[in-house]
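Report on the structure given below.
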Amino acid sequence: MPNAFNFNASPFDCLTQAEQRLVRDSVDVAYFPEGAAILEVGIAPTHLFVIIKGYVSQMEGSEVITSYGPDDCFDGRGLVAGKVSSRFVAAEEVVAYQLAKQAVSDLIAANATFGALLFSDLSNKLSALSARQSQHELQSLTMSRVDEAFLRPVHFVDAKTDILAVVKLFQAQRTSNVLVRDSSQSPERLGIFTATAIQRAILDGRPLDQLPVGDLSNFTLIEVKPSDQLGDAMAIMLRNRVHRVVVVDEDKKIHGILEALDLFSFLSNQSHLITEKIEDAKDLEGLSQAAAQITRMIALLHRSGSRVNLIAKLVQQLNSRLFERAWSLLAPAELVKNSCLFVMGSEGRGEQLLKTDQDNGLVLRDGYQPPDDLADICNRFSAALASFGYPECAGHIMVNNPDWRNTAAGFSQMARQWLIMPDGDSLMKLAIFMDAHAVCGDAHLLEAVEHALSKLATDNDAMLSRFASAIDAFGSGTGWWNRLLGLGDKDNQLNIKKEGIFPLVHGVRSLAMAKRVEETGTTERIAALVTMEVLTPEMGADLTDSLYFFMGLKLKAGLAELDTDRPVTGAIDVDKLSSLDRDLLKDTLGVVKRFKALLRQRFHLESA
């Protein structure tokens, strides 16, 4: 049978050579004219269909619930269950492979990943995908360049410098090594003296303030180039039994020192290295360098197969520390003590990955008189974040806007107004503020405002309906199937934030508001709503999995845009999706569609 079968498409891309031969020996080709019923409800299917050409609609009654295009397969679940539960109709002329049921059963028995990707629920599909990605994690990281890792700055001393002076330099610069220049030789030679050699210096017997560092330095430097792979650098360290190498380029320019500890930290998780750089920063320029490394860390972790929820948690922690340090450098201590700087939006929920618009505010303690130059301090803070790569918010929801810096009582009064006069602008501000998260100062100030808001939350169905109705702010979403299947606009771009992330996040936020759930993260809200039996465990799991999938897809697209020096838009090029991603995208957007139906029923949105 045909050798042209596409084994690069999911779920067939996980098959061994022997399993691929089984497929080739067991497939046939079938043709269906437009409008033909390929499978009817209730029949016992005998084949798995893999589309070569054309499109197939899966129907429930008169409604199209899913569509399938080239390289998609159906109906795996019906094949395993022994009965078709939906009607499958050719939306246009269809040419498809028919894979015999026995062959499918043999593949499922021999290959668990194939079975999971073929007919499992969303959670199991994503688990199978994660397991496949994790196999490449260490290999991908060890192939990273040396200059992508954390390189420690170089400190030079003359060979005649005494050991006591070198130890003082160690303490002042928080380093454990210096490079030693010996100009008594021609040409000048360069060596290294490390903290481990201090023991030899003490045992030498000469007074430390009279013992030249050159006498105990190692002038055989172990070097690597910035472009070398980290795996090679690790091998060099092990082969030479050293704990650090000097990074030198072809022009003999020294870029820094690569420590073994930093290398292994990079291979596991480099977030603490960035935290260290933030803590050590003496000015905004130092923080800017740390901010640049956050994006690099995100790219490396994503490339290594790290879970997107882990990356998001690390990013939230790093951003919080970055913002806290920047505010502490700019604001006087008394202002920091009597205020609470907070972030909102995806940053507040702990779901931000790549840098997005600034959404922040400042709560002042009631009765505290802020400094006269508060406006200037806030302007400099917003400008600093912009210089770090966090663009200003188009809606001006930032501390440099007087509307978003207020006393605790003032914010509580604003929240009351948002609830009493729920126009579109008020409800938008309410939604944004519901995601607030403290990053610097007295967090109790923000907690007091949030508690007051929770107490004010109304059971007024009309207000809740209007709040929840924003799930359709970007349209009904009926056009994404066409874009997914290449039947829509020529550019075939899908805005995953508008079509998937926003309706999911805001729908959960609406239910959380109705039930007075205090958590700010979407997954934490989902867990609370499942506990309260507002959502079923199955719906909760599907929503959580879908959110993480959307975040990962958006991150992948955003990193691709950054790699080509384009602005991050959040748009997904459907034509470039793998068949597995396309399959998972259909599943996850289907989850959002079902969730929106639940929300319409709960909040009576059809009449809202």
Side-chain angles (χ1 to χ4, degrees), residues 1-59 65-122 124-129 131-133 135 485-486 577-587:
M1 263 290 109
N3 287 321
F5 192 97
N6 184 9
F7 288 104
N8 293 318
S10 174
F12 299 96
D13 56 344
C14 65
L15 299 183
T16 65
Q17 290 293 326
E19 290 163 351
Q20 289 181 13
R21 283 196 297 273
L22 173 62
V23 171
R24 290 195 184 97
D25 293 340
S26 308
V27 295
D28 204 346
V29 176
Y31 167 79
F32 302 94
E34 180 178 353
I38 300 173
L39 292 173
E40 293 283 5
V41 176
I43 70 167
T46 57
H47 294 84
L48 177 71
F49 293 90
V50 184
I51 299 174
I52 302 171
K53 175 186 175 184
Y55 295 90
V56 172
S57 298
Q58 182 177 349
M59 314 285 294
I65 61 168
T66 308
S67 295
Y68 300 89
D71 290 330
D72 289 341
C73 61
F74 68 94
D75 172 40
R77 293 189 182 185
L79 200 66
V80 173
K83 185 171 68 173
V84 175
S85 57
S86 299
R87 190 167 186 258
F88 292 82
V89 178
E92 57 182 57
E93 284 189 330
V94 170
V95 179
Y97 290 116
Q98 293 183 137
L99 181 59
K101 180 178 180 178
Q102 185 57 52
V104 175
S105 298
D106 292 344
L107 292 172
I108 292 171
N111 191 319
T113 301
F114 175 83
L117 294 174
L118 178 63
F119 64 88
S120 290
D121 56 23
L122 176 62
N124 285 331
K125 283 185 179 180
L126 291 171
S127 295
L129 176 62
R132 292 165 64 187
Q133 290 175 334
Q135 295 172 1
L485 292 172
L577 290 179
S578 67
S579 60
L580 176 57
D581 280 344
R582 214 154 54 96
D583 183 33
L584 290 170
L585 182 56
K586 284 193 292 187
D587 284 348

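Numbers for residues simply follow the sequence, beginning at 1.
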Quiz item: Is a donor on one side and an acceptor on the other found under 3.5 Å between the side chain of Asn111 and the backbone of Cys14?
Solution: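 At least one qualifying donor-acceptor pair exists.
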Quiz prompt | Euclidean distance, Asp71 CG relative to Phe5 CZ, rounded to 0.5 Å | solution =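 With rounding to 0.5 Å, CZ (Phe5) is 8.5 Å from CG (Asp71).
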Quiz item: If we only count heavy atoms from C-beta on, is the Leu107 to Val23 side-chain gap below 4.5 Å?
Solution: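 Yes - at least one pair of side-chain heavy atoms lies under 4.5 Å apart.
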Quiz item: Hey, does Tyr97 have a side-chain heavy atom less than 4.5 Å from the side chain of Val29?
Solution: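 Answer yes - side chains close enough.
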Quiz item: Should Leu15 and Leu22 be marked as a side-chain contact (heavy atoms from CB on, under 4.5 Å) after you check the CA-CA gap, both sets of side-chain angles, and the distance that decides it?
Solution: CA-CA 10 Å; Leu15 299 183; Leu22 173 62; over 6 Å; no
Exercise. Measure the acute angle between the ring planes of Phe88 and Phe74, then classify it against the limits of 30° and 60° as parallel, tilted or perpendicular.
Key: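 It falls in the parallel class, under 30°.
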Looking only at non-hydrogen atoms, find the nearest pair between [X] and [Y] and report the distance.
X	Y	result
Tyr55	Pro70	CE2-CD, 3.9 Å
Asn6	Asn8	OD1-N, 2.9 Å
Ala91	Ser57	CB-OG, 3.7 Å

Quiz prompt | Carboxylate-amine/guanidinium proximity below 4.0 Å for Lys586 and Asp72 | solution =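 Answer for the salt bridge query: yes.
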Quiz item: Got a sec, which pairs hit salt bridge (Lys or Arg N to Asp or Glu O under 4.0 Å) with one end in residues 95-110, sequence neighbours left out?
Solution: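 Residue pairs passing salt bridge (Lys or Arg N to Asp or Glu O under 4.0 Å), neighbours aside: none found.
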Quiz item: Which residues pass the side chain to side chain contact (heavy atoms under 4.5 Å, CB included) test with Thr16, sequence neighbours left out?
Solution: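 Scan of Thr16 (side chain to side chain contact (heavy atoms under 4.5 Å, CB included), adjacent residues dropped) gives Ala18, Glu19.
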Self-check item: Listed partners of Ser86 passing side chain to side chain donor-acceptor pair (under 3.5 Å), at least two apart
Solution: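 If we apply the side chain to side chain donor-acceptor pair (under 3.5 Å) test to Ser86, skipping adjacent residues, the hits are Gln58.
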Quiz prompt | Non-neighbouring partners of Arg87 that pass salt bridge (Lys or Arg N to Asp or Glu O under 4.0 Å), sequence neighbours left out | solution =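 Result, salt bridge (Lys or Arg N to Asp or Glu O under 4.0 Å) vs Arg87: Glu40.
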Practice problem: With sequence neighbours left out, write down each residue that passes salt bridge (Lys or Arg N to Asp or Glu O under 4.0 Å) with Glu93, or none if nothing qualifies. | Solution: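 Applying salt bridge (Lys or Arg N to Asp or Glu O under 4.0 Å) to Glu93 gives none.
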Without placing hydrogens or testing angles, list every side-chain donor-acceptor pair under 3.5 Å for residues 44-52, not counting sequence neighbours.
none

